[in-house]
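Report on the structure given below.
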Amino acid sequence: MKTPQTVFTLRVPTADGVFPAVYSQTGLCELSFPRRNAPRLFEPASDVPKQVQQWHSLTCQAVERLLAGLPPGRLPPLDISAGTEFQRQVWGAMRAIPFGKTLSYQEIALSIGNPKACRAVGGACGANPIPLLIPCHRVLAAHHHLGGFSGGLDWKIKLLTREGSWTPELDIFST
DNA sequence: CCACGGTGGTAGA
DNA sequence: TCTACCACCGTGG
């Protein structure tokens, strides 16, 4: 039998909406895009351990900065223990993409030593539990195609544009 | 632009 | 197990 671990869900308020952030004992384990039906599953501030509050403060600053088109600065610890081995490899490769740069799904596959797994890399991107801070929006299809985005393509375009690393005319096939 | 075959990983039956 | 998905990619029409 598995003991359910305690988690805390806090809001990250921004000009673009409220991002729910979920923390485990070891760090941030989930960050979601703003939803239409904002759930009221947020903890009262008084119940939140001091360490989680510190992590959350880092999360809020990082998200604010990214949305403003700035490098995120210091991040909280990220708890990716829920992922499979393959997914953790892909997420690790994405974390290594610097602000303002992009890689293709294929390049990610190469960098983890699994060159034919480009399609599977797309699957792992879609399963990324911490978008923005694990920057899956910096992964494009070949030839500067946008590719997909589980949070909605609008977000991918917005984030890449604010980072200055993509414009529509870069996509040589779309016009 | 479209269709298709070749891919690896994952969830569900 | 087997099967049916996929945020892919190259080739060929």
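As the structure is a prediction and not an experimental result, all values here were calculated from the model. Any value given below was found using the heavy atoms of this structure, including those in side chains, with hydrogens, waters and symmetry copies removed. Lettering of chains follows the sequences in order, A, B, ..., and the numbering in each one begins at 1.
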Using purine N1 to pyrimidine N3 plus N6-O4 or O6-N4 for Watson-Crick, or N1-O2 and O6-N3 for G-U wobble, both under 3.5 Å, which nucleotide pairs with B:dT7? none

Describe, in one word, how the ring planes of A:F19 and A:F33 are oriented to each other, choosing from parallel (under 30°), tilted (30 to 60°) and perpendicular (over 60°). tilted

If only side-chain N and O atoms of A:N128 are considered, is one of them under 4.0 Å from the OP1 or OP2 phosphate oxygen of C:dA7? no

Given the structure, check if the side chain of A:R119 and the base of B:dG6 hold any donor-acceptor pair shorter than 3.5 Å. yes

Considering every strand and a 4.0 Å limit on heavy-atom distances, what is the contact class for A:G123: base, sugar-phosphate, or nothing? nothing

Round to the nearest Å and state the distance from A:I108 atom CD1 to B:dG9 atom P. 15 Å

Between A:T59 and A:Y23, do the side chains contain an N or O donor and an N or O acceptor separated by less than 3.5 Å? yes

Picking from C:dG10, C:dA7, C:dC8, which would you name as closest to the side chain of A:C118? C:dC8

Given atom CG of A:L103 and atom C1' of C:dC9, what is their separation to the nearest angstrom? 16 Å

Rounded off to whole Å, could you give me the NZ-to-P distance for the A:K116 and B:dG5 pair? 18 Å

Just wondering, do A:Q87 and A:N128 contact through their side chains at under 4.5 Å, heavy atoms? no

A:T84 side chain near B:dG9 phosphate (N/O to OP1/OP2, under 4.0 Å): no

Would you say A:Q61 and A:S57 are linked by a side-chain donor-acceptor pair, where the criterion is simply a distance under 3.5 Å? yes

For residues A:V7 and A:S24, report the shortest heavy-atom separation together with the two atoms involved. CG1-CA, 4.3 Å

Output the single nucleotide from C:dC9, C:dG10, B:dG8 whose closest atom is nearest the side chain of A:A120. B:dG8

Could you state the CG-C1' distance from A:L146 to C:dC9, rounded to the nearest angstrom? 16 Å

B:dC1: pairing nucleotide in any strand, Watson-Crick or G-U under 3.5 angstrom: C:dG13

Whole angstroms only, please: what is the CG-P distance between A:D154 and C:dA7? 17 Å

In whole angstroms, how far is the C1' atom of C:dA7 from the CE atom of A:M94? 11 Å

Integer-rounded Å distance: C:dC6 C1' and A:F149 CZ: 16 Å

Taking atom C1' of B:dA11 as reference, at what distance in whole Å does atom CZ of A:F86 sit? 15 Å

For C:dC9 and A:H143 - does any side-chain N or O of the residue sit under 4.0 Å from the phosphate oxygens OP1/OP2? no

Is the distance from OP1 or OP2 of B:dT7 to the nearest side-chain N or O of A:Q106 less than 4.0 Å? no

